[in-house]
Amino acid sequence: MLPGAHAGAGETPAPGDRPDPGRARPPHDRIRVLIADDQPVVLRGFAAVLRAQPDLTVVGTASDGAQAVRLARETHPDVALLDIRMPEMGGIEAARRILETEATRVIMITTFDLDDYVYDALSAGASGFLLKDVRANDLAEAVRTVARGDALLAPKITRRLVAEFARQRRPSPAGSPLTPREAEVLRLIARGLSNAEIAADLVVTEHTVKTHVARLLAKLGLRDRTQAVIHAYETGLVVPRI
């Protein structure tokens with residue numbers, strides 16, 4: 001069980017936590033996190049865990065999706081943890097609205113690993129998922145993972161699940177702007193390989209892989225690796241396997 005904390009839903013950040021819109025945050029600043037969940041125990045527990053991390057700061061908490069959207073526009077979080085099912089506005093719609101105006105990475109929080117909304121959430125721009133029973137250390141590391149632009153799927157929410165949801169969509173017939181090597185890198189990303197693993201597979205440096213990843217994301221207009229996986233399935237570059 002995650003520890004509790006003296007933090008209520010809809011709290012606002014302390015003055016020192018508010019971003020200065022006139023300057024870019026330097027890379028050594030703490031990762032700014034917004035949490036939204038309609039279960040007070042989960043909300044307080046997640047906030048307590050993240051506040052205990054020296055490199056993370058909780059800029060706000062919300063008990064529904066509409067409140068999360070308002071807080072995101074006020075606090076400009078680096079990462080937003082959003083419960084899929086919330087009153088007023090669900091997490092998926094909240095994610096869409098937040099990502100319209102904010103350079104925020106979104107992690108969806110769910111109770112069940114076979115949630116019917118998994119694919120819709122990923123398509124809305126979510127970078128990954130966490131189950132509500134996530135361990136404290138894994139929660140903090142998940143925020144760091146998504147903040148640096150990597151994909152995040154909880155162990156029980158596997159690539160097979162993503163493939164099954166993607167199978168229900170008709171692949172796009174549009175041509176790809178990617179070079180053959182970039183397409184190859186995208187296939188390996190969709191298989192779940194890290195940059196280091198891709199480098200070993202292709203016998204190139206990790207720096208070269210990072211360059212390919214950055215270029216293919218830019219060419220395809222994708223936010224991160226999770227969106228790259230969805231694109232690979234939707235366009236038929238990777239064929240789902242059960």
Quick one: pull up [atom1] in [X] and [atom2] in [Y] and give me the separation to the nearest 0.5 Å.
X: I198; Y: I189; atom1: CD1; atom2: CD1; value: 5.0 Å
X: S127; Y: Q227; atom1: OG; atom2: CD; value: 6.5 Å
X: E206; Y: T211; atom1: CD; atom2: OG1; value: 11.0 Å

Contact summary for [X] and [Y], nearest pair of heavy atoms:
X: I31; Y: A147; answer: CD1-CB, 3.7 Å
X: H231; Y: T235; answer: O-OG1, 2.8 Å
X: M89; Y: A66; answer: CB-N, 3.6 Å
X: P87; Y: D64; answer: O-CB, 3.1 Å
X: I109; Y: A36; answer: CD1-O, 4.3 Å
X: I107; Y: F129; answer: CG2-C, 4.2 Å

task: Look at E100 together with R97 and state whether they make a salt bridge at an N to O cut-off of under 4.0 Å.
output: no
query: Between E182 and K219, does at least one N-O distance fall below 4.0 Å, as a salt bridge requires?
result: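 Counted as a salt bridge, because a side-chain N and a carboxylate O are separated by less than 4.0 Å.
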message: For R187 and E184: C-alpha separation, side-chain torsions, deciding distance, then whether salt bridge (charged side-chain N to carboxylate O under 4.0 Å, His left out) applies.
response: CA-CA 5 Å; R187 290 190 190 95; E184 189 173 14; over 6 Å; no
message: Is any side-chain heavy atom of L82 closer than 4.5 Å to one of I98?
response: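 Yes. Closest side-chain heavy atoms under 4.5 Å.
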- prompt: Is M86 reachable from L99 through a run of I, L, V, M, F, W or Y residues, each pair having side-chain heavy atoms under 4.5 Å apart?
  reply: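 No; M86 is not reachable from L99 via cluster members.
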query: When you look at CZ of R144, are more than 12 heavy atoms from neighbouring residues, nucleotides or ligands closer to it than 6.0 Å?
result: yes
message: Under a 3.5 Å distance rule, please check whether T61 uses its side chain to pair with a backbone N or O of I35 as donor and acceptor.
response: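 Checking the backbone N and O of I35 against the side chain of T61, no donor-acceptor pair under 3.5 Å is found.
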